[in-house]
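Beneath this line is the structure, given in structure tokens, with notes to follow.
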There are 2 protein chains.
Amino acid sequence: MATPTRDRRAEILDAAADLFAARGFHGVSIEDIGAAVGITGPALYRHFRGKEALLSEILLDISARLHGQGAATAELPPPEALTALLTGHIAFALSHPALIRVHERELHNVPEAARRQIRRLQRLYLEEWVHVLSDLHPAVPQARLRSAVHAVLGLINSTPRSAGELSREEMAGLLHRMALAALTVSGD
Amino acid sequence: MATPTRDRRAEILDAAADLFAARGFHGVSIEDIGAAVGITGPALYRHFRGKEALLSEILLDISARLHGQGAATAELPPPEALTALLTGHIAFALSHPALIRVHERELHNVPEAARRQIRRLQRLYLEEWVHVLSDLHPAVPQARLRSAVHAVLGLINSTPRSAGELSREEMAGLLHRMALAALTVSGD
DNA sequence: CGGCAATGTTAATCTGCGTTAACGTGGAGA
DNA sequence: TCTCCACGTTAACGCAGATTAACATTGCCG
């Protein structure tokens, strides 16, 4: 065949992520995923070890991207770092609502080994937030900050549920203001 | 048998909800659920039409409880109503983290008919929030308020993820302050 | 007492779906 | 031109797990 298809792997991962977001991991068959990119189900095995490997790779990629984004703010002074974290996460959530959904909902379908790596990246990402906040509010105990960060990420990740009522800019601004206000008050 | 078991149905629903929360709908077998209450899998069919009916009933019950809680605030003057909505949702989330998880993640496994009812209740609940906020901030467009409410519910529902670092009272207070701050700023 | 209703049990049944086998085919490099 | 390799295809295979069937047991009630 050797058709000039641009990267098939990436194409499959994208299609699978969309399908998983819409119908859940078990609501999508190998055949469905294949069909979405114009091939049959079993052909997927030329690119991935199996269905779970597909999901693992999707989640790992998301976690790595978020963590990378977070790590990039490490050098900034705390106030700017916080802004960067907020802006970055919001941009990601608004650009990839399907990925956010999958990332939030499907971790338990990932095999143990990969799950550990994903959780590790998630933990590191969380700690980046906590670290920045800790610099800004040294008096607040870390446990409280951790809970506050979870809450704020939940707030931002709500994005896929309130689809399309507001323009992207308006939504980004709203989330930014709300998240910042929530964090600011979390130390009282 | 006719053993003096207190309501078996309720017992099964509880066990199923916990299992679904932990491993996802498809990660739990009929056999698992039965075992959790000390009976075999097929015995469940004496109480429910099938596995999907079980999930439907769980989600319907959650939606109805939240909506009921919300409706109860309708008579209060707006500021108290908002406090009641916040306190009520936070209390529910902290008391039933497993239910919140299932409610957030498993809707797509519910058959169409039940799904419509559940969505309707969710919409009504959301509108109760929007209504109260609309009274407090008449100038803010409803679309923005709707998004803000989604965001705040996402914030509060983050609870099952930041498990047990803080005491329940501390967590409730933190979530309340953060949610209120976020809502307050949502009209700017 | 006799029998129905409620609740369980174990042994099929049926089906969906992930995975594997066996078998093309076209293009790129030697 | 000849040969592989990359990528697909269709036909099995195998199994997990949801239903359903057929068959107890217990206790209430007429």
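Residue numbers start from 1 in every chain, and the chains themselves are labelled A, B, ... in the order their sequence lines are given, proteins ahead of strands. Remember, predicted model here, so these are calculated numbers, not experimental data.
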Legend entry - Atom-pair distance (CZ on B:Arg8; C1' on C:dA6), nearest Å: 12 Å

Inset, instruction - Fit a plane to each ring of A:Phe92 and A:His96, take the angle between them on a 0 to 90° scale, and name the class: parallel (under 30°), tilted (30 to 60°) or perpendicular (over 60°). - result: tilted

Legend entry - Whole-Å distance separating the CD1 atom of B:Ile39 from the C1' atom of D:dT26: 16 Å

Inset, instruction - Using heavy atoms to find the nearest nucleotide of DNA chain C for A:Arg49 and A:Gly27 separately, return the residue whose nucleotide is more 5′. - result: A:Gly27

Legend entry - Side chain of B:Ala43 (C-beta onward), nearest among C:dG8, D:dT20, D:dT9: C:dG8

Inset, instruction - Can you tell me the distance, in whole Å, between the NZ atom of A:Lys51 and the C1' atom of D:dA16? - result: 13 Å

Inset, instruction - Rounded to the nearest angstrom, tell me the gap between atom CG in A:Leu44 and atom C1' in D:dT9. - result: 13 Å

Inset, instruction - Indicate yes or no: does B:Glu127 engage B:Arg146 in a salt bridge with an N to O separation below 4.0 Å. - result: yes

Inset, instruction - List in chain and number order the residues that pass side chain to side chain donor-acceptor pair (under 3.5 Å) with A:Ser29, two or more places apart in sequence or in another chain; answer none if no residue qualifies. - result: A:Asp32

Legend entry - All salt bridge (Lys or Arg N to Asp or Glu O under 4.0 Å) counterparts of A:Arg65, not counting sequence neighbours: A:Asp61

Legend entry - Ion pair A:Arg144/B:Glu165, N-O distance below 4.0 Å: no

Legend entry - Inter-end axis angle, the helix from C:dC1-D:dG30 to C:dA30-D:dT1, with every axis fitted to five base pairs (rounded, 10 degrees): 10°

Legend entry - Side-chain touch B:Leu183/B:Leu82, heavy atoms, less than 4.5 angstrom: yes

Inset, instruction - Could you tell me the separation between the NE2 atom of B:His26 and the P atom of D:dA18, rounded to a whole number of Å? - result: 9 Å

Inset, instruction - Tell me which nucleotide among C:dG8, D:dA18, C:dA21 gets nearest to the side chain of A:Pro42. - result: C:dA21

Inset, instruction - Would you mind classifying the nucleic acid contact of B:Gly41 as base, sugar-phosphate or nothing, using non-hydrogen atoms under 4.0 angstrom? - result: nothing

Inset, instruction - Determine the contact category for A:Ser29: base if any of its heavy atoms lies under 4.0 Å from a base atom, sugar-phosphate if only primed atoms, P, OP1 or OP2 are that close, otherwise nothing. - result: sugar-phosphate

Inset, instruction - State whether B:Thr40 places a side-chain N or O below 4.0 Å from either non-bridging phosphate oxygen (OP1 or OP2) of C:dT9. - result: yes

Inset, instruction - Send over the distance from A:Ile30 CD1 to D:dG14 P, rounded to a whole Å. - result: 19 Å

Legend entry - Aromatic ring pairing B:Trp129/B:His89, orientation class (parallel under 30°, perpendicular over 60°, tilted between): perpendicular

Inset, instruction - Report which part of the nucleic acid B:Val28 touches: base, sugar-phosphate, or nothing (heavy-atom distance under 4.0 Å, all strands). - result: sugar-phosphate

Inset, instruction - Check the distance between D:dT9's P and A:Arg46's CZ and give it to me in whole angstrom. - result: 10 Å

Inset, instruction - Calculate the interatomic distance between B:Asp32 atom CG and D:dA16 atom P; express it in whole Å. - result: 13 Å

